[in-house]
Protein chains: 2
Amino acid sequence: MTSAAKTLAPETPGLDPAEPTARQAAVLDAVLALMQEEGGQLTMAAVARRASCSKETLYKWFGDRDGLLTATVQWQASRVRAGRYDRQRLDASSLRDSLRDFAANWLSVISSPTSIALNRLAISHAASKQSNLGQIVLENGRFAIGNRLKPVLEEGRAAGLLAFDDTEAAFRTFFGLAGRDVQIRLLLGDDLKLGKAEIARDAAAATDQFLTLYGRTDQKPAAA
Amino acid sequence: MTSAAKTLAPETPGLDPAEPTARQAAVLDAVLALMQEEGGQLTMAAVARRASCSKETLYKWFGDRDGLLTATVQWQASRVRAGRYDRQRLDASSLRDSLRDFAANWLSVISSPTSIALNRLAISHAASKQSNLGQIVLENGRFAIGNRLKPVLEEGRAAGLLAFDDTEAAFRTFFGLAGRDVQIRLLLGDDLKLGKAEIARDAAAATDQFLTLYGRTDQKPAAA
DNA sequence: AAGGAACCGTACCGTACGTTACGGTTCTCT
DNA sequence: AGAGAACCGTAACGTACGGTACGGTTCCTT
């Protein structure tokens with residue numbers, strides 16, 4: 001923590017989170033791959049070996065081990081930007097579809113090996129208070145999905161499809177209905193198996209429950 | 001992992017999880033205290049210093065570092081056995097009270113510094129696959145509350161107050177409604193403040209939502 | 001009181017790993 | 001082609017920490 005660890009890619013000025021070069025991205029992918037393997041040998045030497053680069057280069061690019069891990073977390077976060085929900089005309093059916101997509105997408109994310117490894121890493125570091133990995137993961141996970149879903153909820157309310165006072169509270173209910181015990185079980189090593197089918201089913205169930213709680217004129221239209 | 005690490009307290013035979021002696025319990029409490037401090041110096045030397053005992057004794061009693069941590073987790077688990085819910089006659093009101101108590105108790109547990117530290121530790125170890133701390137924590141957390149709450153749900157169903165097919169699914173919904181994003185945020189270091197008042201309010205809200213989803217003839221009896 | 005077990009405090013050992021240093025190679029620029 | 005930067009592979013260094021050894025002290029047993 002003494003030396004550089006500031007500018008990640010000097011050749012692309014102006015970007016603060018610092019877009020990594022292709023080679024740097026390959027290194028970060030190596031880190032991601034490495035931390036998903038159970039043996040968990042996440043050492044600088046292992047990263048250098050896996051990425052076929054020298055340790056000197058790692059330190060030159062990322063400053064220290066913490067910088068490398070932070071860059072890795074941000075790198076992964078930067079490509080989860082998928083799934084924009086363009087505002088279409090909202091009726092009961094499209095709202096339900098949107099919610100289902102959100103829930104299914106979220107379940108897919110939190111059950112992916114990458115997310116599990118990343119969250120474990122960030123949680124470990126949150127214990128030692130040595131970095132802000134936890135904040136980064138939160139910002140790109142729980143809070144990011146909140147910021148993307150809340151406009152949908154408010155549009156649903158504006159369209160008379162949903163009824164709630166506190167958007168945040170409504171979102172947290174949806175979050176709980178969708179996620180339930182999945183994330184904590186996976187983080188603790190329970191081998192919960194979540195296939196596409198289960199995710200789709202659970203996302204639909206959570207959405208139906210949410211609409212039961214917050215839907216307005218909408219009710220059970222014998223969906224399934 | 002080469003030497004002892006089997007019988008924790010030879011002077012109390014017959015107990016498999018091995019009730020620790022008073023002195024040993026003091027050591028385990030030192031570990032618990034140590035892992036709640038942010039600096040997180042959870043080394044054998046630090047434990048010995050904190051507990052005013054020698055490292056040699058630690059190794060004699062617990063075998064190795066992993067044995068010490070496992071004993072600590074089990075020690076903490078052994079005293080969360082509080083909150084037995086004696087089956088009283090179940091009416092709508094007492095069921096609602098029971099559910100609120102469960103939710104409030106669970107929120108208190110997961111927001112306590114001890115639980116946070118313990119879960120962080122277990123999650124870190126789940127990454128390295130080096131022990132079964134994760135399983136122990138799951139067994140005494142998520143699954144323990146499930147086993148205690150499910151009978152209540154089934155009594156509620158038997159009494160005609162609740163309607164559901166799958167007890168496990170109903171419990172998981174309750175779990176999600178109560179916990180929502182609380183645990184993951186706390187584990188990742190978000191400084192979410194949960195006082196008694198918030199817990200009581202959130203537990204009541206979760207219970208009301210659960211009863212809306214699963215209650216039978218029961219509805220909003222203008223409780224508050 | 002004598003013997004011994006248990007235990008404390010400290011010193012010591014070996015290893016793992018973060019970090020730095022360096023020689024040799026490849027790539028870039030002019 | 002030649003100079004210099006960037007980088008790879010490997011070696012070396014220092015420290016932190018898990019685990020062990022040992023002398024001295026307390027306490028229990030007989």
Side-chain angles (χ1 to χ4, degrees), chain A residues 1-12 18 20-28 30-31 34-35 37 39-72 121 124-125 127-131 133, chain B residues 1-12 20-31 34-35 37 39-72 121 124-125 127-131 133:
Chain A
M1 228 171 273
T2 53
S3 55
K6 351 169 188 277
T7 56
L8 182 57
E11 57 280 346
T12 61
T21 66
R23 185 78 182 92
Q24 289 170 339
V27 170
L28 300 181
V31 177
L34 220 39
M35 60 195 231
E37 303 177 357
Q41 278 287 102
L42 201 49
T43 70
M44 298 301 276
V47 171
R49 205 176 322 121
R50 177 62 151 263
S52 293
C53 73
S54 71
K55 292 209 275 177
E56 191 179 33
T57 301
L58 292 183
Y59 284 98
K60 182 178 182 184
W61 283 348
F62 306 102
D64 58 7
R65 189 183 128 102
D66 234 56
L68 174 60
L69 297 181
T70 302
T72 302
L121 177 69
S124 304
H125 280 232
S128 333
K129 212 70 174 178
Q130 63 195 64
S131 58
L133 288 187
Chain B
M1 225 166 282
T2 52
S3 54
K6 349 167 190 281
T7 55
L8 182 56
E11 56 279 348
T12 61
T21 66
R23 185 76 182 94
Q24 288 170 340
V27 170
L28 299 181
D29 282 334
V31 176
L34 219 38
M35 59 196 231
E37 303 177 355
Q41 279 287 101
L42 201 48
T43 70
M44 298 300 278
V47 171
R49 206 177 320 121
R50 179 61 153 264
S52 294
C53 72
S54 71
K55 288 210 285 176
E56 191 178 31
T57 302
L58 292 183
Y59 285 100
K60 182 177 182 183
W61 284 348
F62 305 103
D64 57 7
R65 189 182 128 103
D66 234 55
L68 174 61
L69 297 181
T70 302
T72 302
L121 177 69
S124 304
H125 279 232
S128 334
K129 211 67 174 182
Q130 62 197 67
S131 59
L133 288 188

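Naming convention: chains lettered A, B, ... in sequence-line order (proteins, then strands); numbering from 1 in each chain.
With sequence neighbours left out, A/Thr70 forms a side-chain hydrogen bond (donor to acceptor under 3.5 Å, both in side chains) with no residue at all. For A/Ser54, the side-chain contact (heavy atoms from CB on, under 4.5 Å) partners two or more places apart in sequence, or in a different chain, are A/Glu56, A/Thr57. Residues passing the side-chain contact (heavy atoms from CB on, under 4.5 Å) test with A/Ser124 are B/Ser124, sequence neighbours excluded.
To the nearest 0.5 Å, atom CG of residue A/Leu68 and atom CD of residue A/Gln24 are 10.5 Å apart. Atom CD of residue B/Gln41 and atom OG of residue A/Ser128 lie 9.5 Å apart, to the nearest 0.5 angstrom.
Rounded to an integer number of Å, the gap from CG of A/Leu42 to C1' of C/dG18 is 13 Å. The nearest whole Å value for the distance from the CZ atom in B/Phe62 to the C1' atom in D/dG19 is 16 Å. Distance B/Tyr59 OH to C/dG9 P: 16 Å, rounded to the nearest Å.
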Could you go through residues 42-52 of chain A and list every donor-acceptor pair under 3.5 Å that involves a side-chain atom there, pairing it with any protein atom two or more places apart or in another chain?
{"unit_1": "A/Thr43", "atom_1": "OG1", "unit_2": "A/Ala46", "atom_2": "N", "d": "3.0"}
{"unit_1": "A/Arg50", "atom_1": "NH1", "unit_2": "A/Glu37", "atom_2": "OE2", "d": "3.1"}
{"unit_1": "A/Arg50", "atom_1": "NH2", "unit_2": "A/Glu37", "atom_2": "OE2", "d": "2.6"}

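Within the 4.5 Å cutoff, the side chain of A/Trp61 has no heavy atoms near those of the A/Leu28 side chain. You'll find the side chain of A/Leu69 stays beyond 4.5 Å of the side chain of A/Ser131, heavy atoms only.
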| When every nucleotide of nucleotides 4-9 of chain D is labelled 5' to 3' by its protein contacts under 4.0 Å (heavy atoms), B for base, S for sugar-phosphate only, - for none, what sequence of letters results? | --SSBB

Between protein and nucleotides 15-17 of chain D, what N or O pairs are separated by less than 3.5 Å?
none

